[in-house]
Amino acid sequence: MLRRLWIVLAFLLVPAVANADGHRAGIFAGGSFMRASEIVGVHTSTELVLFKSLPRLLVIPDDISIHRGQHESGRVTVTTVMWGGGWSLAPTDDTKHAPSVHLLIGGVQGMGNDADLAMAVGGVYQLVDRNVMGWEIGVQAQYDYFFFPRTDAQNFHRVSGGLVFRKKK
């Protein structure tokens, strides 16, 4: 099972992205909530669309969040630094609604169980309704489930929401 997961991950991390719902790149910034112990923070990510040869692939060069709050018996700061790829599920290139799914890999620091490898699977929904000087502006909601394949660290959920800016092609 783990070998298959690595094959899928390797495919997703190939730095080639295709015509993903009509934009070249995107930037997201917003608030975030982690269900590990109800910790709140900020979350930012970017996405790139590089090539048109494969259908609707995304490269996510960075996905970073910083959270603070109570966990078990004390205050903690949890930092996640991830990257990966995914697929856009948008039906057409000119749609206002742009859902996607992704697989991320990276690290998580904090909560007393620092892991050398963390993975996250999740999804994004973007509603992009404004176009200002070549940039599409909208809102994004994101859900991620973090897990640790090589350790017994505590898995957790992250829910984020905020603004997204996407550069048109």
Side-chain angles (χ1 to χ4, degrees), residues 5-36 38-67 78-108 117-132 134-149 155-169:
L5 183 61
W6 283 112
I7 291 169
V8 170
L9 180 63
F11 177 76
L12 288 176
L13 291 176
V14 173
V17 177
N19 192 13
D21 61 68
H23 71 284
R24 167 78 58 196
I27 302 168
F28 163 73
S32 186
F33 175 79
M34 286 176 45
R35 189 60 183 118
E38 301 181 359
I39 302 171
V40 296
V42 294
H43 178 197
T44 182
S45 66
T46 58
E47 63 187 27
L48 297 175
V49 178
L50 301 176
F51 303 109
K52 295 183 180 181
S53 59
L54 302 171
R56 301 192 188 285
L57 290 178
L58 300 172
V59 168
I60 302 164
D62 64 73
D63 182 288
I64 301 168
S65 65
I66 301 172
H67 297 79
V78 179
T79 305
T80 67
V81 179
M82 311 291 282
W83 61 93
W87 284 275
S88 172
L89 305 175
T92 65
D93 286 350
D94 59 354
T95 183
K96 292 181 181 182
H97 306 277
S100 63
V101 294
H102 57 256
L103 176 64
L104 305 172
I105 185 169
V108 174
L117 174 69
M119 298 179 78
V121 293
V124 170
Y125 174 77
Q126 295 177 343
L127 174 60
V128 180
D129 197 28
R130 299 280 183 245
N131 191 339
V132 178
W135 285 85
E136 296 177 322
I137 302 172
V139 294
Q140 174 173 311
Q142 181 170 336
Y143 168 80
D144 294 297
Y145 177 71
F146 285 81
F147 59 99
F148 304 91
N155 299 343
F156 61 89
H157 307 270
R158 178 181 69 187
V159 177
S160 306
L163 294 176
V164 63
F165 302 89
R166 299 187 331 176
K167 184 67 177 162
K168 292 291 285 182
K169 290 185 176 184

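All residue numbers refer to positions in the sequence shown, counting from 1.
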Fill in the blank from the handout: Applying side-chain hydrogen bond (donor to acceptor under 3.5 Å, both in side chains) to Ser100 and not counting sequence neighbours gives none
Exercise for the section: Sequence neighbours left out, what passes side-chain hydrogen bond (donor to acceptor under 3.5 Å, both in side chains) with Asn131? Give chain and number order. Expected result: none
Practice task
Could you name each residue pair satisfying salt bridge (charged side-chain N to carboxylate O under 4.0 Å, His left out) that touches residues 118-127, not counting sequence neighbours?
Solution key: none
Would you check if [X] and [Y] make a side-chain contact, meaning some heavy-atom pair closer than 4.5 Å?
{"X": "Gln126", "Y": "Arg166", "result": "yes"}
{"X": "His67", "Y": "Arg158", "result": "yes"}
{"X": "Met82", "Y": "Asp144", "result": "no"}
{"X": "Phe156", "Y": "Val108", "result": "yes"}
{"X": "Asp63", "Y": "Gln142", "result": "yes"}
{"X": "Phe146", "Y": "Leu104", "result": "no"}
{"X": "Ile105", "Y": "Trp83", "result": "yes"}

Completion exercise
Applying side-chain contact (heavy atoms from CB on, under 4.5 Å) to Val139 and not counting sequence neighbours gives Leu127, Leu163
Handout entry: Partner set under ring-ring contact (aromatic ring centres under 6.0 Å, His included) for Phe33, not counting sequence neighbours
Key = none
Problem - Set of residues satisfying ring-ring contact (aromatic ring centres under 6.0 Å, His included) with respect to His43, sequence neighbours excluded - result: Phe28
Fill in the blank from the handout: In short, Pro149 meets Met119 closest at the heavy-atom pair CG-SD, 3.7 Å
Separation of [Y] [atom2] from [X] [atom1] (nearest 0.5 Å):
{"X": "Phe165", "Y": "Arg130", "atom1": "CZ", "atom2": "CZ", "answer": "13.0 Å"}
{"X": "Ile64", "Y": "Ser45", "atom1": "CD1", "atom2": "OG", "answer": "9.0 Å"}
{"X": "Ile66", "Y": "Thr79", "atom1": "CD1", "atom2": "OG1", "answer": "5.0 Å"}

